[in-house]
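Report on the following structure.
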Amino acid sequence: MDAVKKFFKDQAQNLSEEAWEAAREIGENPELGYQEFYAVKVLTHFLSSHGFEIEPSVAGLETAFIARYRGKRPGPIIAYLAEYDALPGVGHGCGHNLIGAASAGAAVVLSKSPELCGEVWVIGSPAEETSGAKVILVEKGVFDHVDAAMMFHPGSQHVPEISTLALDALEFTFLGRPAHSVAAVQYGVNALDALIDFFNNVNTLKKRIPEDARINGIITEGGTAPNIIPERAVARFYLRARRRKVLDELQEKVIRCAKEAASKVSAQVAWRKFEFSYDDMLTNRTMAETFAQNLRELGIKRISPPQVAMGSVDMGNVSRVVPAIHPYLALGRGMDIPHTRGFSEAALSPAGEEVLLLAIQSLAFTGWDILSNPKLLQKIKREFCQSY
């Protein structure tokens, strides 16, 4: 390890207690998406106390922010993505308290270098678990001048390179005609019958979709009383696939299933996206390899090969406009199941504190490599351009 990275490692050690306090405060005060006012207060206070300039309410989102630190000379801009929303009922069952503190911590560590050229940003992005504010931030041009973006996620193993599933969230509303379910059944059009037939059509479709595609749905409305033929029935579906093109084709097939079911009983059907669509994560391999090498410098020996995360992240949308990575680092022994209270508890345990320090160090090292090595950044950008 060279002297500069030894300096950053020591800075991370010195900062670890303060960063852990931020992670603990956020973890013990979980907030749902777009309500993360306390988490934003904790992170922006931490960053501003280390000289970062805070821009609040970015892109019209109250709980989004950008914290900027400018080096002594112009240069590239790297962005660390902070997440801090919790899950209903389980708190930080995805470890976002660690993600936010790690991104802020890595940025602060880099800011301590007297040789820093360029800018270090922390972009606070709310509501990853629900509507995915990074989609809005991308659309509003927040990443237009960013050269590289990164974050980490706690998980079951050390994985520098991941891919994820693209996601569309569709709501289907079937409309029929109400009538007495016994005395005037011939005058009714049963929207629930159409909806149930739609589910049957989808179940048949599932047998013919790619292995890595997923269709999951629930009924959110199915009528008001057993003696009234339902005039309205509603379902929500998540559609996922490894590639956006495949997902677009899958969406067309699911919509066709809905139309056929509605036509069968002379009902009407409409659909809409009830959440933002996520693109599949396009990991920049050059950045991922740099991150992996930094893990090795930090003494990590068990580094897993590229993995497919069978979920969806709004970082995928970021990866379409700027070179990006979304590595996973093992939380403890990697045995805790995400989106559970057990994972939330682990994220507040000594295991959470340990992975937080590793994340801060590895993210800071990777950020420094990009800022200080023009040839590396050129390679990263060349790969990004060739990915399309």
Side-chain angles (χ1 to χ4, degrees), residues 1-20 22-23 76 78-83 95-113 116 120-123 147-162 281 283-307 309 313 315 318-319 323-334 347 350-373 376-377 380:
M1 184 179 298
D2 64 29
V4 174
K5 288 187 177 177
K6 178 66 166 57
F7 169 80
F8 286 137
K9 184 178 179 182
D10 292 342
Q11 289 295 318
Q13 290 280 4
N14 296 338
L15 191 74
S16 61
E17 186 175 339
E18 190 177 354
W20 175 242
I78 63 166
Y80 293 108
L81 278 293
E83 296 175 357
H96 289 193
N97 59 315
L98 299 176
I99 295 173
S103 287
V108 170
V109 166
L110 275 186
S111 74
K112 302 303 180 184
S113 170
L116 181 66
V120 180
W121 292 11
V122 177
I123 300 178
D147 292 283
M150 68 191 86
M151 58 175 285
F152 107 100
H153 202 294
S156 60
Q157 51 191 318
H158 300 312
V159 189
E161 182 182 341
I162 68 155
M281 179 70 199
T283 291
N284 187 279
R285 291 181 176 177
T286 303
M287 287 179 65
E289 289 167 3
T290 303
F291 186 87
Q293 179 57 37
N294 285 318
L295 286 180
R296 295 185 189 98
E297 287 197 50
L298 289 164
I300 301 301
K301 297 180 180 179
R302 291 190 177 184
I303 299 176
S304 298
Q307 303 284 318
V313 295
M315 191 68 171
V318 175
S319 74
I325 56 172
H326 185 287
Y328 280 72
L329 295 176
L331 175 62
R333 294 183 299 163
E353 187 172 6
E354 182 179 350
V355 75
L356 174 62
L357 177 58
L358 177 62
I360 291 172
Q361 292 172 335
S362 53
L363 288 171
F365 281 17
T366 305
W368 175 253
D369 287 335
I370 295 169
L371 288 173
S372 63
N373 187 340
L376 174 62
L377 180 57
I380 288 168

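These figures come from a predicted structure and were not determined experimentally. Numbers here simply count residues along the sequence, with the first being 1.
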Check: W368 and N294 side chains under 4.5 Å, non-hydrogen atoms: no

Heavy-atom closest pair, residues A347 and L331: N-CD2, 4.1 Å

Closest non-hydrogen atom pair, A149 against V318: CB-CG1, 4.1 Å

E18 vs V108, side-chain contact (heavy atoms from CB on, under 4.5 Å): CA-CA, chis, key distance, verdict: CA-CA 11 Å; E18 190 177 354; V108 170; over 6 Å; no

Minimum side-chain heavy-atom gap Q361-Q13 below 4.5 Å: yes

Residue pair L371, V120: steps toward the side-chain contact (heavy atoms from CB on, under 4.5 Å) verdict: CA-CA 9 Å; L371 288 173; V120 180; 4.0 Å; yes

I360 and S16, any side-chain heavy atoms less than 4.5 Å apart: no

Exceeds 12 heavy-atom contacts within 6.0 angstrom, atom CD of E354: no

Close side-chain approach of F152 and V355, heavy atoms under 4.5 Å: yes

Which atom of A82 lies closest to which atom of G100, heavy atoms considered: CB-CA, 3.9 Å

Side chain to side chain, H326 and L81, heavy atoms closer than 4.5 Å: no

Interatomic spacing from CG in D2 to CD in E297 - rounded to 0.5 Å: 6.5 Å

Gap separating the NZ atom of K112 from the CG atom of L15, nearest 0.5 angstrom: 7.5 Å

Distance-minimising heavy-atom pair for S304 and V159: CB-CG2, 3.9 Å

CG on L98 to CG on L357, rounded to 0.5 Å: 12.0 Å

Nearest heavy atoms of A79 and I123, plus distance in Å: CB-CD1, 3.8 Å

Full working for side-chain contact (heavy atoms from CB on, under 4.5 Å) between D147 and I380: CA-CA 9 Å; D147 292 283; I380 288 168; over 6 Å; no

Spacing of CD1 belonging to I325 relative to CG belonging to N284, to within rounding of 0.5 Å: 8.0 Å

Check: F365 and Q293 side chains under 4.5 Å, non-hydrogen atoms: no

Interatomic distance, L363 atom CG to M150 atom CE [nearest 0.5 angstrom]: 7.0 Å

Aromatic ring pairing H96/H153, orientation class (parallel under 30°, perpendicular over 60°, tilted between): perpendicular

Interatomic spacing from CD in E161 to CE in M281 - rounded to 0.5 Å: 9.5 Å

Chi angles and distances behind the side-chain contact (heavy atoms from CB on, under 4.5 Å) call for L110, I78: CA-CA 11 Å; L110 275 186; I78 63 166; 3.6 Å; yes

Side-chain heavy-atom pair M151, Y80 within 4.5 angstrom cut-off: no

Nearest atoms (heavy-atom pairs only) where A101 meets A19: CB-O, 3.7 Å

Within-4.5 Å side-chain heavy-atom neighbours: S362 and L298: yes

